[in-house]
Enquirer: 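The structure's right below; bear with me while I get my questions together.
Positions are given from 1, in the same order as the sequence printed here. What you see is a predicted model, and the numbers here were worked out from it, not measured in a lab. Whatever order the structure lists them in is the order used to number ligands and atoms, beginning at 1.
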Amino acid sequence: MSVNNYRKCAKCGKTRAEDMTVTYHRFPNPGKDNNTKAHAWAKYCWPNNDWSSRESLYSLHKTNKVLCGRHFHSSQFYDSTRKKLSKFAVPELTDLLNDETNVFNQNAAASNVAGLQKSRVPFSRIENSPVSPILVKPTNILSPLKRPTDPIQPSKSTDKEQNAPEEMLPSKSTSTKNVQSQVLPYHDESHLTKSASKKCKSILSAINVSKGLIDTYLHLLKKMTGNQTDEENICILSFDEISIRKHLDYDSKSDEIQGFKDHGNHGRSNEIATKALVFMLAGIRKKWKQPIAFYFSHTLTADRMTVILKEILTECINSNVNVVATVCDLSTVNLKVLKTVGVTTSEPFFLHCEKEIVAILDPPHLLKCTRNLLMKHNVECTTDVQCNDKTVKGTAKWSHIEAFHLLDKSNANFVFAPALTDHHLHPNVKQQMRVKLAAQVFSHSVTAGILAKIASNELPTEAHATATFVQNFDKLFDAWKLHRTVDRSPPEQPYPGVSILKPLTGVDPNLFTNLETFFTLDYPTYELLFCVENERDPAVMLVNSLKHKHPHVDAKLFTGGMRVGVNPKINNMQPAYLAAKYPLVLISDAGIRMRDDSLLDMVQHMREDVAIVHQMPFTCDAEGFAAVYEKVFFGTAQARMYMCADLLGINCHVGMSSMVRRCALEESGGLRAFGDYLAEDYFLAKDITSRQWKMRVCSLPALQNTGTRSVGALQARLRRWARLRIAMVPTTALLEPLSECMPLGAGAAWAAGQLFGAEPLPFFLVHVLAWFLSDWLMLRAVQNGSPPFTKVQFLLGWVWSECCAPFVLAAALLSPEISWRTRSYRLDWGGRAHELNPKLKF
Ligand SMILES: CCCCCCCC/C=C\CCCCCCCC(=O)N[C@@H](CO)[C@H](O)/C=C/CCCCCCCCCCCCC
Ligand SMILES: O=c1ccn([C@@H]2O[C@H](COP(=O)(O)OP(=O)(O)O[C@H]3OC[C@@H](O)[C@H](O)[C@H]3O)[C@@H](O)[C@H]2O)c(=O)[nH]1
């Protein structure tokens with residue numbers, strides 16, 4: 001007989017002599033980081049002993065004490081052979097008879113060893129129990145509840161304790177470690193260094209949360225709502241379930257094993273949790289968020305979830321929180337819950353305590369589901385399409401999008417949807433979860449592209465239904481995504497009509513979709529005046545197809561222009577300007593995209609004494625470093641100058657999206673009066689404001705969306721602008737660097753050293769850090785939320801933008817000529833321009 005045969009399980013005394021298949025697992029060495037695990041093992045075997053000292057735990061390891069494999073759930077082993085325990089394995093009081101994967105299942109009954117314990121019951125109580133713990137056959141603690149007929153009353157622990165079996169008694173402990181031990185296993189700790197893992201644990205242990213409804217937070221909530229107005233207390237309740245990795249952990253504070261299915265005061269069971277359900281409140285009128293309940297489960301029934309939802313809603317009412325809507329995704333359980341509480345498609349709300357609560361399905365999730373459904377099934381639409389000379393009901397098909405993508409990517413000259421890749425068309429499981437990929441399929445560019453391919457007979461006419469389907473979902477998503485700040489209440493006086501001038505030259509990738517946003521503006525009276533200087537310009541075709549697509553919109557096309565000076569933009573717009581019929585004229589460059597409320601926003605800023613309302617230049621979201629650079633530049637350096645100039649009353653009028661009162665412009669001599677300047681915007685504003693008219697920046701920024709981004713092209717544009725500014729106001733070359741981080745910081749550090757004996761380098765670094773942080777806040781304010789890139793990308797874009805700025809200015813100073821599109825110019829001091837090698841046209 002080998003030495004091993006004399007080994008004996010420290011808990012049940014099992015030896016190899018009794019059962020040859022038994023495996024032994026040595027007590028862990030508490031070492032530096034293993035104390036919790038060693039403590040859990042020791043407490044499991046000898047719950048009444050004091051295991052607080054490391055030495056006592058170490059002695060168990062040193063004396064080769066072992067536990068047999070039956071005290072470990074199968075999930076605690078590396079694999080199904082049950083030979084090697086995982087790193088964090090702790091013995092558990094689980095129902096070995098019920099564990100189907102347990103190799104001891106068959107002989108467990110016979111050998112009378114397996115059984116279940118109420119996992120929340122402290123070990124000490126188990127040990128003292130008159131019945132041997134491992135002989136107790138479990139009852140299903142979390143058996144599904146009957147469908148509730150009455151709203152559940154707020155949980156009163158005393159009532160529940162009287163009726164519930166002992167297993168369902170709520171935990172007395174609200175240990176901070178409860179969540180800690182649940183949350184940590186979700187991360188792959190093997191990727192963390194030991195100190196990182198420890199740090200996470202110590203941070204999380206500072207948060208006082210438990211499972212179920214969190215009393216502490218409810219208490220805080222009550223306090224907060226007491227100090228807020230009724231409006232500010234209006235909120236939504238969102239709930240979502242995430243997957244967590246199976247993991248058990250011993251919490252010495254509460255003397256509990258954590259990681260089991262746990263529904264707070266609805267009880268706990270022996271099943272190991274694989275999902276965490278979180279409920280969170282979020283204010284609607286005021287920005288506040290508060291998670292209020294966590295539940296850990298394996299499978300959560302709709303009945304149980306309904307009970308939980310109602311319980312939380314009742315608690316919210318008691319805390320004076322006005323929940324007006326719930327938000328959840330489209331999981332089967334969620335849909336069942338909504339059905340149970342009475343939500344239908346025709347009446348998407350339910351009553352709780354006589355209060356109407358709207359049920360909202362999570363829009364990004366809806367978008368992904370719609371994409372997935374379209375990938376599997378064709379969708380019959382209400383759109384009629386022409387097919388073989390017959391009008392038939394349209395059918396949206398994924399195959400149309402696939403065909404469009406193939407055609408689009410094979411076109412070497414022009415791509416409608418450059419962002420669309422094969423991942424969008426054939427997403428794998430992980431990619432199916434990315435909202436962005438679905439949103440890029442249901443986009444304006446794809447709609448426009450499919451329509452263009454139908455027009456050129458590359459796609460069948462029946463694909464029209466797919467284009468309409470894609471467009472509708474794009475609009476739906478936009479309606480959810482964008483911020484609505486514009487006052488849409490009826491005005492005291494009818495809004496004045498607006499003539500929108502769109503100077504076009506050439507076609508950039510986003511032109512169709514940019515132009516289309518002008519056809520769908522939410523404004524009562526406006527006309528669109530498209531100006532193209534060359535009638536053979538492909539932009540003409542795009543305008544005509546948009547006019548055809550939106551016949552109800554008052555849109556005209558002017559070709560040929562009229563030479564009134566050297567500025568080609570003015571020349572191009574002149575015929576349309578003369579034909580404009582409304583009192584307000586909006587000059588909007590080709591690359592601008594409008595939100596449907598942008599025009600209303602501009603008009604609302606056009607007060608009686610105001611003659612110019614302009615939008616601060618900004619950019620749409622796009623991918624790539626050039627797009628990051630562009631957004632960072634316009635959202636920080638440019639926005640900073642623009643805002644300060646506006647505040648100080650310095651003329652900073654940029655003409656890419658600017659509304660002008662026509663009578664004020666006429667007083668200046670009309671558009672033609674500025675035809676000799678390339679910076680017509682600056683001189684136009686200078687002249688108009690000199691006659692006591694005011695100029696305002698409106699709330700929404702100008703969204704540039706040209707799609708032809710490269711770092712070089714952006715810098716060439718910035719150089720051209722800088723050259724214009726230097727020619728108009730030469731002192732700008734000296735003063736502007738003082739508004740930039742690096743030159744100002746260097747100068748200030750030197751001055752601080754000279755004047756106060758400060759160390760220049762630390763001074764400079766602190767200055768840069770403070771500037772950087774303020775710029776991050778500035779960018780977030782202009783973007784109205786988080787920018788579409790990471791902080792590291794922001795850092796790179798910001799450093800690049802700030803370091804390049806002095807060089808861009810220097811290059812502008814040194815090069816007397818400037819190029820704009822296909823033409824070159826030389827500027828006089830003062831701003832007048834002369835075209836070099838003028839072309840015949842204009
Ligand atoms: C801590 C930061 C302090 C910053 C103070 C910044 C004050 C900047 C004042 C005006 C600059 C505004 C420029 C914005 C427009 C830039 C884009 C552009 O160049 N666009 C042209 C083409 O569309 C357009 O024609 C230009 C219009 C405005 C020209 C303004 C020229 C006046 C320059 C005065 C410089 C004073 C700098 C003072 C720095 C402390
Ligand atoms: O030859 C041209 C060049 C430009 N344009 C139009 O002018 C608008 C602006 O052109 P770009 O986008 O090339 O240039 P920018 O964005 O740099 O313009 C900016 O700088 C110069 C100012 O005069 C403009 O008012 C301002 O918008 C576009 O709508 C473009 O179509 C012409 O109609 N003809």
Side-chain angles (χ1 to χ4, degrees), residues 501-508 511 514-515 530-534 537 539 558 561 566-574 576 587-592 614-617 633-634 636-658 671 674-675 677-686 695 697 702 704-706 708 713-714 716-741 743-745 748 770-771 774-775 778 808-809 812 818-825 827 831 833 835 839 841-842:
L501 305 187
K502 292 290 303 175
L504 308 177
T505 167
V507 174
D508 70 49
L511 186 64
N514 290 338
L515 293 185
F530 293 98
C531 319
V532 184
E533 61 180 69
N534 186 338
D537 194 313
F558 295 83
V566 289
N567 186 321
K569 178 176 160 183
I570 299 262
N571 292 342
N572 194 2
M573 290 191 298
Q574 181 64 15
I587 298 173
S588 171
D589 284 358
I592 299 294
H614 52 129
Q615 292 191 304
M616 186 174 81
F633 172 78
F634 281 105
T636 62
Q638 175 86 355
R640 184 197 310 144
M641 286 220 297
Y642 212 82
M643 293 285 175
C644 287
D646 188 52
L647 192 77
L648 299 171
I650 301 175
N651 177 4
C652 61
H653 180 223
V654 171
M656 66 176 65
S657 182
S658 165
L671 265 188
F674 306 99
Y677 303 101
L678 286 189
E680 81 293 338
D681 42 5
Y682 175 79
F683 290 101
L684 184 150
K686 191 177 168 201
M695 185 164 72
V697 179
Q704 302 171 78
N705 186 37
T706 52
T708 44
L714 176 58
R717 191 168 173 228
L718 299 184
R719 256 197 323 272
R720 172 160 53 84
W721 286 359
R723 182 75 215 157
L724 291 178
R725 292 198 300 275
I726 292 168
M728 295 181 304
V729 187
T731 44
T732 198
L734 286 174
L735 295 174
E736 259 186 36
L738 299 180
S739 74
E740 286 163 12
C741 174
L744 181 65
W771 200 287
S774 323
D775 271 355
M778 176 99 194
V808 170
L809 197 66
I818 55 170
S819 317
W820 188 12
R821 301 269 175 152
T822 52
R823 297 178 171 91
S824 301
Y825 304 86
L827 294 174
E835 192 177 347
K839 296 188 176 172
K841 194 91 187 152
F842 301 144

Enquirer: What residue and atom, counting heavy atoms only, is the protein's closest point to atom 19 (O) of ligand 1, and at what distance?
Expert: R725 NH1, 2.6 Å
Enquirer: Let me confirm one number: the CZ-CG distance from F683 to N567, rounded to the nearest 0.5 Å.
Expert: 11.5 Å
Enquirer: Quick one: closest heavy-atom pair of Q615 and Y642, and the distance?
Expert: O-OH, 3.6 Å
Enquirer: Please work out whether any backbone atom (N, CA, C, O) or any side-chain heavy atom from C-beta onward of M656 is under 4.0 Å from ligand 1, and answer side chain, backbone, both or neither.
Expert: neither
Enquirer: To the nearest 0.5 Å, how far apart are CH2 in W771 and CD in E740?
Expert: 8.5 Å
Enquirer: To the nearest 0.5 Å, what is the distance between CD1 (I587) and CD1 (I592)?
Expert: 12.5 Å
Enquirer: Anything with a heavy atom under 4.0 Å from ligand 2 counts, so go ahead and list those protein residues by chain and number.
Expert: P503, L504, T505, E533, P568, K569, N572, D589, A590, G655, M656, L678, E680, D681, R717, R720, W721, W820, R821, R823
Enquirer: Which heavy atom of the protein is the closest neighbour of atom 40 (C) of ligand 1, given with residue, atom name and distance?
Expert: L735 O, 4.0 Å
Enquirer: Atom NZ of K686 and atom OH of Y677: how far apart are they, to the nearest 0.5 Å?
Expert: 7.5 Å
Enquirer: Identify the protein heavy atom lying closest to atom 29 (C) of ligand 1, giving its residue, its atom name and the separation to 0.1 Å.
Expert: Y682 CD1, 3.6 Å
Enquirer: Taking N or O atoms only and a 3.5 Å limit, does D681 qualify as a polar contact for ligand 1?
Expert: yes
Enquirer: What closest approach, in Å, do D537 and G506 show between heavy atoms, and which atom pair accounts for it?
Expert: OD2-N, 2.7 Å
Enquirer: At their closest point, which heavy atom of N572 faces which heavy atom of E533, and how far apart are they?
Expert: OD1-N, 3.2 Å
Enquirer: Among protein heavy atoms, which sits nearest to atom 20 (N) of ligand 1, and what does the distance come to when rounded to 0.1 Å?
Expert: V654 CG2, 3.8 Å
Enquirer: CD of Q704 to CG of L714: how many Å apart, nearest 0.5 Å?
Expert: 9.0 Å
Enquirer: Quick check: closest heavy atoms across A539 and L511, and the distance to 0.1 Å?
Expert: CB-CD2, 4.2 Å
Enquirer: How far is atom 7 (C) of ligand 1 from the closest protein heavy atom, and which atom is that?
Expert: M641 O, 4.2 Å
Enquirer: Counting non-hydrogen protein atoms only, what is the nearest one to atom 30 (C) of ligand 1? Give residue, atom name and distance.
Expert: N651 O, 3.5 Å
Enquirer: For ligand 1, indicate whether the residue L744 contacts it via side chain, backbone, both or neither (heavy-atom separation under 4.0 Å).
Expert: neither
Enquirer: For the pair H614 and H653, name the ring-plane relationship: parallel under 30°, tilted 30 to 60°, perpendicular over 60°.
Expert: perpendicular
Enquirer: How far is atom 12 (C) of ligand 1 from the closest protein heavy atom, and which atom is that?
Expert: C652 CB, 3.8 Å
Enquirer: Taking 4.0 angstrom as the limit and counting only heavy atoms of H653, give me the atoms of ligand 1 inside it, by number and element.
Expert: 27 (C)
Enquirer: Rounded at 0.5 Å granularity, tell me how far CD1 in I726 sits from CG in L809.
Expert: 5.0 Å
Enquirer: Do the side chain of R723 and the main chain of A812 share a donor and acceptor less than 3.5 angstrom apart?
Expert: yes
Enquirer: If I compare all heavy atoms of P743 with all of P737, which pair ends up nearest, and what's the gap?
Expert: CB-O, 3.6 Å
Enquirer: Answer yes or no for R720: is there a heavy-atom contact with ligand 1 below 4.0 Å?
Expert: no
Enquirer: Please identify which atoms of ligand 1 are closer than 4.0 Å to at least one heavy atom of S739.
Expert: 4 (C)
Enquirer: What protein heavy atom is closest to atom 35 (C) of ligand 1, reported as residue, atom name and distance in Å?
Expert: T732 OG1, 3.6 Å
Enquirer: Which of the atoms of ligand 1 are close to A645, meaning less than 4.0 Å from one of its heavy atoms?
Expert: 9 (C), 10 (C)
